[in-house]
Amino acid sequence: MPTSLPSSLWAAQVAAATPLPDARLNTRLERLLTDLAAKPLDAFPQAAADWHQAKATYRFLANNRFAWEDLLAGWRVTTGQQLAGQDLVYIAHDTSTFSYSTLKHTTGLGYINQLEAARGIHCHSSLVLRADGVVLGLLHQHYWVRSQFRKPAPNSRPREDKESIKWQQGLHASVTALASVPAAQRPRVIHLMDREGDIHEVFVKVLAL
C-alpha cells in the first residue's frame with residue numbers, strides 16, 4: 001500500500017478503478033482493502049471486524065462473476081497514475097513461492113521445489129517504489145503452478161512455456177503503464193531484479209525501453 005496516502009483513500013481509489021460487475025462488489029473490495037491495510041499480517045478472519053465481515057470476504061473471493069485478473073486492474077490503473085511527475089522510480093521484479101503442503105485435500109496446487117510432496121503456487125510481482133523507498137503500487141502480478149515435478153530442460157521448451165517469460169511480462173506491464181503518462185511527466189525508471197533475471201532477452205527488452 002502506498003504510505004503516501006491514507007489507507008481509506010488508497011482503498012477507495014483502487015476499488016473505484018477495479019472493473020467489477022456490481023457496485024456492491026466495489027464497496028466490498030474497498031472494505032476488504034481497508035481492513036487488510038490496517039492489519040497486513042493478519043488472516044482474513046483476524047483482519048475483519050467480525051465473523052460476518054469475514055464471511056462476506058470469503059463470499060467476495062468465491063464470486064465467479066470476476067477473475068483474479070480483474071482485481072489487479074485497479075492496482076495497475078492507480079499505480080500508473082502515481083508515476084506522473086516523479087523524477088525517478090524503481091520497479092522491483094521478484095518471485096515469491098507460497099507453500100501449502102499441509103493442505104492435503106486442496107486442489108489446484110503444483111510442485112514448488114525439489115521435494116515431490118511439496119505443493120503450492122508461485123507469484124511474480126512488479127512493485128513500484130519512489131526514489132525514497134515509498135511504495136507507489138503494484139504494476140503486474142502473475143500466478144502459476146508447476147504441473148510436472150521435473151520439467152524438461154528450458155532449451156527444449158517453447159519460449160512461452162518457460163517460467164523466465166515472467167521477467168518480460170513485468171517489463172511489458174511497465175511499458176504499458178508509462179505509455180499512459182504524458183511524455184513530459186514520465187520518470188526515469190530503474191528496474192531491480194535478482195540474478196535469476198540475468199537473461200539476454202531481458203537485457204534486450206530493458207535497453208529498448
Side-chain angles (χ1 to χ4, degrees), residues 1-2 7 10-48 53-83 91-103 105-113 118-129 135-148 160-177 180:
M1 184 198 73
S7 59
W10 165 80
Q13 289 181 349
V14 173
T18 303
L20 296 175
D22 188 320
R24 291 172 295 182
L25 294 174
N26 294 85
T27 300
R28 172 53 55 189
L29 176 59
E30 180 181 346
R31 177 67 178 267
L32 172 59
L33 292 174
T34 300
D35 289 343
L36 293 177
K39 299 179 179 179
L41 300 180
D42 287 357
F44 293 140
Q46 287 73 44
Q53 294 298 326
K55 285 188 66 175
T57 294
Y58 287 120
R59 285 197 303 269
F60 173 83
L61 296 174
N63 196 309
N64 59 13
R65 297 171 63 195
F66 58 86
W68 64 267
E69 294 96 332
D70 299 317
L71 294 180
L72 292 176
W75 291 79
R76 288 194 295 267
V77 170
T78 54
T79 301
Q81 293 169 348
Q82 294 284 326
L83 294 174
I91 303 182
H93 307 266
D94 202 10
T95 303
S96 300
T97 298
F98 301 94
S99 176
Y100 299 108
S101 300
T102 59
L103 305 180
H105 301 291
T106 300
T107 60
L109 302 177
Y111 298 102
I112 57 174
N113 57 29
R119 294 290 189 277
I121 60 176
H122 301 277
C123 171
H124 188 73
S125 304
S126 298
L127 192 69
V128 184
L129 301 95
V135 176
L136 292 178
L138 186 69
L139 276 185
H140 171 72
Q141 198 162 73
H142 173 64
Y143 300 87
W144 75 96
V145 297
R146 293 174 184 160
S147 58
Q148 296 174 273
E160 61 275 7
D161 191 41
K162 297 178 181 178
E163 289 188 6
S164 60
I165 196 68
K166 63 190 179 184
W167 303 103
Q168 296 195 52
Q169 291 172 336
L171 292 173
H172 178 73
S174 306
V175 171
T176 302
S180 66

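Across all their heavy atoms, Ser180 and Ala177 have their closest contact at OG-O, 2.6 Å. Closest approach of Asn113 to Ala118, counting heavy atoms only: OD1-CB, 3.2 Å. Here the closest non-hydrogen pair linking Leu129 and Ala92 is CD1-CB, 4.1 Å. Closest heavy-atom contact between Val145 and Gly120: CG1-O, 3.8 Å.
Every residue meeting the ring pair (Phe, Tyr, Trp, His ring centres under 6.0 Å) condition with Tyr58, not counting sequence neighbours, appears here in chain and number order: Phe44. Among residues two or more places apart in sequence or in another chain, the side-chain hydrogen bond (donor to acceptor under 3.5 Å, both in side chains) test is passed with Ser126 by His93. Every residue meeting the side-chain contact (heavy atoms from CB on, under 4.5 Å) condition with Thr106, not counting sequence neighbours, appears here in chain and number order: Leu103, Leu109. Applying the side-chain hydrogen bond (donor to acceptor under 3.5 Å, both in side chains) rule to Tyr143 yields the partners Gln141; only residues at least two apart in sequence or on another chain are considered. Residues meeting the side-chain hydrogen bond (donor to acceptor under 3.5 Å, both in side chains) test with Arg28, sequence neighbours left out: Gln53. Annotation: side-chain hydrogen bond (donor to acceptor under 3.5 Å, both in side chains) contacts of Thr97 (sequence neighbours excluded): His122. Residues satisfying the side-chain contact (heavy atoms from CB on, under 4.5 Å) test with Thr27, not counting sequence neighbours, are none. For His140, there are no ring pair (Phe, Tyr, Trp, His ring centres under 6.0 Å) partners, not counting sequence neighbours.
Applying the salt bridge (Lys or Arg N to Asp or Glu O under 4.0 Å) test to every pair with at least one member in residues 13-25, sequence neighbours left out, gives these pairs: Asp22-Arg24. Sorted by first then second residue, the side chain to side chain donor-acceptor pair (under 3.5 Å) pairs that include residues 64-73, not counting sequence neighbours, number zero. Here ring pair (Phe, Tyr, Trp, His ring centres under 6.0 Å) pairs that include residues 13-32, with residues two or more places apart or in two chains, number zero.
To the nearest 0.5 angstrom, Ser125 atom OG is 13.0 Å from Ile91 atom CD1. If you take CZ on Phe60 and CG on Leu32, they are separated by 6.5 Å, rounding to the nearest 0.5 Å. Atoms CD and CG, on Gln81 and Leu136 in that order, are 12.0 Å from each other to the nearest 0.5 Å. Taken from CG in Leu139 to NE2 in His172, the straight-line distance is 12.0 Å, to the nearest 0.5 Å.
A heavy-atom distance below 4.5 Å is found between the side chains of Leu20 and Leu71. By the 4.5 Å heavy-atom criterion applied to side chains, His124 and Glu163 are not counted as neighbours. A heavy-atom distance below 4.5 Å is not found between the side chains of Gln82 and Thr78.
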**Request:** Verify side-chain contact (heavy atoms from CB on, under 4.5 Å) between Thr95 and Lys166, making sure each step is shown before the conclusion.
**Result:** CA-CA 9 Å; Thr95 303; Lys166 63 190 179 184; 2.9 Å; yes

**Asked** Yes or no on side-chain contact (heavy atoms from CB on, under 4.5 Å) for Leu25 and Asn63, after CA distance, side-chain angles and deciding distance?
**Response** CA-CA 9 Å; Leu25 294 174; Asn63 196 309; 3.7 Å; yes

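When each of Val14, Val128, Leu127 is paired with Leu138, the side chain to side chain contact (heavy atoms under 4.5 Å, CB included) condition holds for Leu127 and for no other.
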Name the atoms and distances for all side-chain donor-acceptor pairs under 3.5 Å in residues 34-42, with sequence neighbours left out.
unit_1, atom_1, unit_2, atom_2, d
Thr34, OG1, Glu30, O, 2.8
Lys39, NZ, Gln46, O, 3.4

